[in-house]
Amino acid sequence: MKGLLACAMLAAMTSAAMTTAATAQVSDDVVRIGVLTDLSSWGRDNSGPGSVEAAKMAVEEFGPTVLGKPIEIISADHQMKTDVGVQIVRGWFDNGKVDAVVDIPNSGIAIAVHNMVRERGKVALLSGPGASSLTDELCSPNTVHFTYDTYALSKVTASAVIKEGGKSWYFITADYAFGQQLERDATRFINEMGGKVLGGVKHPTNTADFSSFALQAQSSKSDVVAFANAGQDTDNAIKQSGEFGLVQGGQKLVGLLMFDTDVHAIGLKAAQGTYMTTASYWAMDEATRAWSKKFYERTKVMPTMIQTGVYGSVLHYLKAIKAAGTDESAKVMAKMRELPIEDTFVHGGKLREDGRVIRDMYLAKVKKPEQSKEPWDYLDIVKTVKGEDAFRPVSESKCPLLKK
């Protein structure tokens, strides 16, 4: 009897071990995450090397392995070119055994990769792009839009500026998917709140000379000049608009997508009083200060919301793999939707079926030079906007995933 009992126990233990091994599966015995970012063009400072470091910091916080398998971060430069980005990701999927693609500043590139990810059964963790169409009519069960989008940016910022008397608007817009959608979304909220768009002009990305655009905005005599662009385009546009005296002439300047690094590049003297909306700020509390200090030691700049979003999305992805017992994309995505999103910068966030992460957003105003008390002390957080109020509601969505 003792022998039979021992054999039964051994068989049960063996069966349990085999069941665990069968359920805890990692493809290719490694979880490989590719950070597709801008390492050489106009978006480098807001994502770029900082996004790569942020992904590595997420792995360090989680631990070097998941389900007993190593976690590897690789990166590549898409150069702000769609064909280059697509070629890189295709190579990652075909030969590099990459499980998830992270960041992708530039909405045009992100849309192309987002479609490829869906076809290949991989995962896209988007922090860099802003086009709200990614979780609206283009929604995918394989995409996580983690940080911000054009809907939230334009709604939060436009609402605040109009309440301060900025009724008439003129746009200086980057002529690609992100800029065009940001202008469309902002125009909607301006009109709904009783404002009016007097006109606008579109410019190619990586523009150095904004003088003619600034003069057109000045001659419009609008209350507000809104910049629907990003990176060095925003920096150059706001600097040169200041040089042409738009603020002195009574016009408000609004950066519909601005980062701490943009304020740093422009300087408080030129950027002071500018409204912006952000998903994170380095000095929100002691935890964000501590994380940002570590980030600064590695990069010599404070983190942007894109970079904190890369950190948060990678961390949540790894938690989901652990909870799912596999890196199979459908099961991981299900766990990402099930688990609350908790990290240094996001508390109580949730991933909706359309891929939109619902998280708090913050309306900020750039400080005057005399108000800054320490390096990188650039923003006053004017208002916290709950995620449910900032992002597109389900009732307005065109995403078929929300209709099920």
Side-chain angles (χ1 to χ4, degrees), residues 25-28 31-37 51 55 74-76 78 81-151 176-178 181 306 309-310 312-314 316-321 324 326-339 341 350-358 391-392 394 397-404:
Q25 297 178 352
V26 172
S27 58
D28 308 308
V31 173
R32 186 170 288 111
I33 300 169
V35 183
L36 182 65
T37 191
S51 287
I74 64 173
S75 61
H78 63 36
K81 299 175 181 177
T82 301
D83 58 338
V84 173
V86 167
Q87 183 179 6
I88 290 168
V89 175
R90 184 178 292 114
W92 279 352
F93 290 164
D94 291 345
N95 306 309
K97 300 179 180 178
V98 167
D99 301 294
V101 182
V102 185
D103 196 11
I104 320 186
N106 186 304
S107 291
I109 300 172
I111 289 169
V113 172
H114 152 94
N115 291 331
M116 189 190 310
V117 163
R118 176 169 44 196
E119 294 167 2
R120 300 295 187 94
K122 303 291 186 176
V123 174
L125 306 171
L126 305 180
S127 184
S132 60
S133 59
L134 284 160
T135 55
D136 194 28
E137 66 269 24
L138 301 179
C139 70
S140 163
N142 297 70
T143 289
V144 178
H145 206 181
F146 194 87
T147 307
Y148 69 96
D149 63 25
T150 53
Y151 186 103
Y176 74 112
F178 164 77
Q181 182 141 25
I306 289 180
V310 168
S313 62
V314 170
H316 192 59
Y317 175 65
L318 295 174
K319 290 178 181 178
I321 292 176
T326 176
D327 66 348
E328 197 276 312
S329 61
K331 294 178 180 178
V332 173
M333 288 296 301
K335 283 296 180 183
M336 291 186 79
R337 293 187 175 93
E338 178 184 324
L339 297 173
I341 301 173
K350 59 184 179 181
L351 174 60
R352 211 163 56 183
E353 288 295 325
D354 58 354
R356 177 67 260 162
V357 167
I358 305 301
F391 292 99
R392 189 191 312 276
V394 172
S397 177
K398 300 174 186 175
C399 174
L401 298 174
L402 293 175
K403 308 302 181 184
K404 294 180 180 179

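Positions are given from 1, in the same order as the sequence printed here. These numbers come from a predicted model, not from an experiment.
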Taking D354 first and then R352, would you say they form a salt bridge - that is, a charged N and a carboxylate O separated by under 4.0 Å?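 Salt bridge between D354 and R352, a charged N being under 4.0 Å from a carboxylate O: yes.
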Residue pairs involving residues 104-150 (criterion disulfide bond (SG atoms under 2.5 Å apart); sequence neighbours excluded):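 Pairs touching residues 104-150 that pass the test: C139-C399.
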Once disulfide bond (SG atoms under 2.5 Å apart) is applied, what residue pairs with a partner in residues 83-114 remain, sequence neighbours excluded?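 Listed by first then second residue: nothing to list.
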Please identify each residue that fulfils salt bridge (charged side-chain N to carboxylate O under 4.0 Å, His left out) with K122, with sequence neighbours left out.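 If we apply the salt bridge (charged side-chain N to carboxylate O under 4.0 Å, His left out) test to K122, skipping adjacent residues, there are no hits.
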Could you state the interatomic distance from OG1 (T135) to CG (L402), rounded to the nearest 0.5 Å?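 So the gap between those two atoms works out to 8.5 Å.
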Sequence neighbours excluded, which residues qualify as side chain to side chain contact (heavy atoms under 4.5 Å, CB included) partners of [X]?
X: N115; answer: I111, R118
X: S75; answer: V35, V52
X: K335; answer: A320, A323, A324, E338
X: D136; answer: R392, S397, K398

Applying the side-chain contact (heavy atoms from CB on, under 4.5 Å) test to L36, which of V86, N106, I74, V101 qualifies?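 Per the side-chain contact (heavy atoms from CB on, under 4.5 Å) rule, the option paired with L36 is V101, out of V86, N106, I74, V101.
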Worked verdict on S51 versus I306 for side-chain contact (heavy atoms from CB on, under 4.5 Å): CA-CA 7 Å; S51 287; I306 289 180; 3.9 Å; yes
Could you list the residues that satisfy side-chain hydrogen bond (donor to acceptor under 3.5 Å, both in side chains) with T147, not counting sequence neighbours?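 T147: side-chain hydrogen bond (donor to acceptor under 3.5 Å, both in side chains) contacts with S127.
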Test side-chain hydrogen bond (donor to acceptor under 3.5 Å, both in side chains) applied to T82 - qualifying residues, sequence neighbours left out: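 Partners of T82 by the side-chain hydrogen bond (donor to acceptor under 3.5 Å, both in side chains) criterion come out as none, since no residue qualifies.
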Quick one: do H316 and L125 satisfy side-chain contact (heavy atoms from CB on, under 4.5 Å)? Show the steps, please. CA-CA 10 Å; H316 192 59; L125 306 171; over 6 Å; no
Is a donor on one side and an acceptor on the other found under 3.5 Å between the side chain of [X] and the backbone of [Y]?
X: T326; Y: Q25; value: yes
X: S107; Y: G130; value: yes
X: T143; Y: G355; value: no

Residue pairs involving residues 91-110 (criterion salt bridge (Lys or Arg N to Asp or Glu O under 4.0 Å); sequence neighbours excluded):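 For residues 91-110, and leaving out neighbouring residues, the salt bridge (Lys or Arg N to Asp or Glu O under 4.0 Å) pairs sorted by first residue read D94-R120.
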Give a yes or no on whether E137 atom CD has more than 12 heavy-atom contacts from other residues, nucleotides or ligands under 6.0 Å away.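 Buried by this count: over 12 neighbours within 6.0 Å.
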Contact list for residues 111-151, test ring pair (Phe, Tyr, Trp, His ring centres under 6.0 Å), sequence neighbours left out: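 Qualifying pairs: Y151-F189.
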